[in-house]
There are 2 protein chains.
Amino acid sequence: MAPTDPTPRPAPAAANQRREDVLDALGRRIVAGDLPAGAVLTLESVDASYGVSRSVSREAVQVLGAMGLITSRRRVGITVSPRSAWNVFDPRLIRWRLDGDERDEQLQTLSELRAGFEPAAAGLAALRATPEQAAAMAAAVSDMTVQARAQDLEAYLEADQRFHATMLVASGNEMYGALAGLVDEVLAGRTHHDLMPADPNPEAIEWHAEVARAVRRGEPAEAEAAMRRIIAEAADAQARMAAYDAARPAPGAAPDPETEPSAE
Amino acid sequence: MAPTDPTPRPAPAAANQRREDVLDALGRRIVAGDLPAGAVLTLESVDASYGVSRSVSREAVQVLGAMGLITSRRRVGITVSPRSAWNVFDPRLIRWRLDGDERDEQLQTLSELRAGFEPAAAGLAALRATPEQAAAMAAAVSDMTVQARAQDLEAYLEADQRFHATMLVASGNEMYGALAGLVDEVLAGRTHHDLMPADPNPEAIEWHAEVARAVRRGEPAEAEAAMRRIIAEAADAQARMAAYDAARPAPGAAPDPETEPSAE
DNA sequence: GATCTTCAAAGATCAGATTTATTGCCGTCC
DNA sequence: GGACGGCAATAAATCTGATCTTTGAAGATC
């Protein structure tokens with residue numbers, strides 16, 4: 001984000017810089033498969049190749065161990081663990097995978113997960129949301145409508161994310177609330193991957209409104225059903241857009257403005 | 001330095017003993033609320049109170065930071081983070097909460113979560129399970145039937161856990177698969193907390209069989225519906241047992257055998 | 001009273017030494 | 001020939017003391 005950012009600010013969180021760097025680099029290498037399961041390193045090789053002291057490399061390795069990416073054994077070294085041992089819900093790990101080659105697979109995985117839990121969370125929200133939360137959801141829907149009309153996809157995305165995050169927190173279950181970041185990623189991925197029509201489906205927005213209404217009125221079954229429709233529509237729209245994109249030159253590398261028809 | 005320790009074997013998994021001890025102790029204190037959000041410690045106080053060197057306390061703190069339990073800032077020290085910042089999906093954190101005073105709340109939270117995702121996972125499993133996985137699910141159901149008849153709750157629990165874990169892995173979505181441990185805890189908590197009737201509901205077992213059948217035949221809607229019934233029945237049975245238990249002396253502390261009627 | 005400067009506290013990092021558990025190897029014994 | 005037991009090398013785990021860097025707050029300046 002903001003690649004050409006000349007921020008004079010010393011960055012918001014540059015606390016333990018080196019450890020973070022090493023952690024990030026190692027984590028991404030593992031996630032990318034550059035260090036496959038079973039690969040072995042030594043602490044010495046780590047601090048040598050990153051030019052840091054043992055303290056730093058050690059702490060990075062500890063955190064990777066806590067995430068389940070590696071195990072460390074005496075006399076053997078640091079062994080990369082099989083994927084089945086990974087804490088796939090760790091936000092850092094999710095980010096690494098979204099930034100890497102596995103982006104599409106990870107988004108697919110997250111979408112499927114979302115399909116499972118969001119309707120249930122909507123049902124709970126209908127039972128537990130405070131009036132303020134219900135109002136915030138309604139406000140988010142209103143913003144979605146406005147931004148859809150303005151064809152401002154970014155602003156639409158923001159409102160959409162706000163809607164879902166508010167709903168998840170309103171479920172009163174902290175674990176659903178903790179999944180808000182994950183839904184953010186799914187929604188953002190859809191928008192930024194050309195898997196979203198230029199003007200969002202009005203029906204989809206109406207269903208969001210329906211969820212907000214059901215939450216306000218305390219009708220769990222209705223909230224759940226409407227959320228289920230939202231998910232189904234999203235999957236459907238995504239499939240349609242993917243088919244549409246597949247029939248045209250890949251927009252990934254150099255999006256030639258000439259080939260873009262109208263929506264933008 | 002093994003003062004009065006005659007242990008012949010050095011324990012199966014005593015890798016980084018000290019770090020793990022400090023991590024565990026600190027984590028549990030935070031989870032228990034002994035160190036509330038906003039509380040501040042210094043590294044020095046940590047290694048002083050646990051009698052370890054800076055390296056050890058520092059690494060423990062790093063891991064806690066990665067879990068979102070604390071943040072560390074220069075000149076300030078180590079600050080306990082509010083619960084909203086915690087990585088509530090971290091297995092270690094879940095275990096701490098299950099072992100502490102919050103056990104019931106955590107189980108409730110996990111149960112709600114499970115209600116959301118398990119039906120969806122069952123649907124996916126119906127689309128993706130290998131014949132071996134489908135067979136394993138059927139075998140687990142068969143074991144459940146046998147153990148229910150034998151009134152062996154522990155063995156029943158094991159088969160039940162095996163059924164759900166297999167189904168989650170068979171969903172083909174690694175994030176669902178990673179939730180198997182969580183479901184294990186929910187099921188175990190139910191059994192070990194006297195929230196489970198001495199002989200399991202035959203209907204519940206039949207629904208498990210239905211899921212297994214639907215998975216084998218590749219019928220997602222049926223699998224999902226049957227799983228939904230399982231969840232609903234579990235919630236129902238649990239509520240009934242809780243009401244039943246509430247009407248009798250708490251079995252927690254000293255289970256007086258006299259007051260136990262028949263089922264055991 | 002607001003801004004600037006200085007200082008000290010506390011983590012971050014480094015570096016060297018020491019301890020301890022593992023593992024592969026080798027020799028011995030059955 | 002294979003199993004058991006001791007040996008030594010190895011790499012992590014831990015300790016320790018020192019230095020660097022950031023930053024909150026007290027004090028000085030206007």
Side-chain angles (χ1 to χ4, degrees), chain A residues 7-26 30 35 38-81 85, chain B residues 1-26 30 35 38-81 85:
Chain A
T7 40
R9 253 175 300 123
N16 7 12
Q17 192 61 56
R18 296 186 194 283
R19 182 182 67 79
E20 212 59 37
D21 286 348
V22 175
L23 172 59
D24 209 64
L26 270 181
I30 293 174
L35 292 172
V40 177
L41 329 150
T42 66
L43 258 185
E44 207 182 353
S45 74
V46 173
D47 51 51
S49 55
Y50 292 99
V52 295
S53 70
R54 275 194 298 297
S55 320
V56 171
S57 56
R58 189 147 213 293
E59 280 162 21
V61 164
Q62 295 293 338
V63 174
L64 287 174
M67 293 168 65
L69 294 199
I70 56 101
T71 59
S72 162
R73 282 171 56 206
R74 278 182 166 146
R75 169 74 202 223
V76 173
I78 297 144
T79 311
V80 178
S81 300
Chain B
M1 262 299 183
T4 54
D5 195 347
T7 39
R9 245 173 306 126
N16 8 10
Q17 192 62 57
R18 296 185 193 285
R19 183 181 66 78
E20 212 58 37
D21 286 349
V22 174
L23 173 59
D24 207 66
L26 270 181
I30 293 174
L35 292 172
V40 178
L41 337 142
T42 67
L43 259 185
E44 208 184 349
S45 73
V46 174
D47 51 50
S49 55
Y50 291 100
V52 294
S53 70
R54 278 198 304 294
S55 323
V56 171
S57 57
R58 189 148 213 290
E59 280 162 20
V61 164
Q62 296 292 340
V63 174
L64 287 174
M67 294 168 65
L69 294 199
I70 56 101
T71 60
S72 160
R73 281 172 57 204
R74 279 179 168 152
R75 171 71 205 225
V76 174
I78 296 143
T79 311
V80 178
S81 299

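By convention in this document, chain letters (A, B, ...) are assigned in the order of the sequence lines, proteins followed by strands, and residues within each chain are numbered from 1.
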Would you compute the distance between atom [atom1] of [X] and atom [atom2] of [Y] and round it to the nearest 0.5 angstrom?
X: Leu26(B); Y: Ser57(B); atom1: CG; atom2: OG; result: 9.0 Å
X: Thr79(B); Y: Leu35(B); atom1: OG1; atom2: CG; result: 11.5 Å
X: Gln62(B); Y: Leu23(A); atom1: CD; atom2: CG; result: 9.5 Å

#### Entry: Contacting residues from residues 57-79 of chain B, given that a heavy atom lies under 4.0 angstrom of DNA chain D
Arg73(B), Arg74(B), Arg75(B), Val76(B)

### Task
Give me the residues of residues 39-50 of chain B where at least one heavy atom lies under 4.0 Å from an atom of DNA chain D, by number, or none.
none

### Distance, rounded to the nearest Å, where Gln17(B) contributes CD and dC15(D) contributes C1'
17 Å

### Message
Applying salt bridge (Lys or Arg N to Asp or Glu O under 4.0 Å) as the test, list every pair that has at least one member in residues 59-68 of chain B; sequence neighbours left out.
### Response
Arg58(A)-Glu59(B)

#### Entry: Side-chain N,O (Ser53(A)) to OP1/OP2 (dT13(C)) below 4.0 Å
no

### Query
Where do Ser81(B) and Gly68(B) come nearest, in terms of heavy atoms and distance?
CB-O, 3.4 Å

### Task
Output all residues satisfying salt bridge (Lys or Arg N to Asp or Glu O under 4.0 Å) with Asp24(A), sequence neighbours left out; order by chain, then residue number.
Arg28(A)

### Query
How would you list, by chain and number, every residue that makes a salt bridge (Lys or Arg N to Asp or Glu O under 4.0 Å) with Glu44(B), sequence neighbours excluded?
none

### Message
Please enumerate all residues that pass side-chain hydrogen bond (donor to acceptor under 3.5 Å, both in side chains) together with Arg18(A), with sequence neighbours excluded.
### Response
none

### Message
With hydrogens left out and only the distance checked, is there a donor-acceptor pair under 3.5 Å joining Arg54(B)'s side chain and the base of dG11(C)?
### Response
no

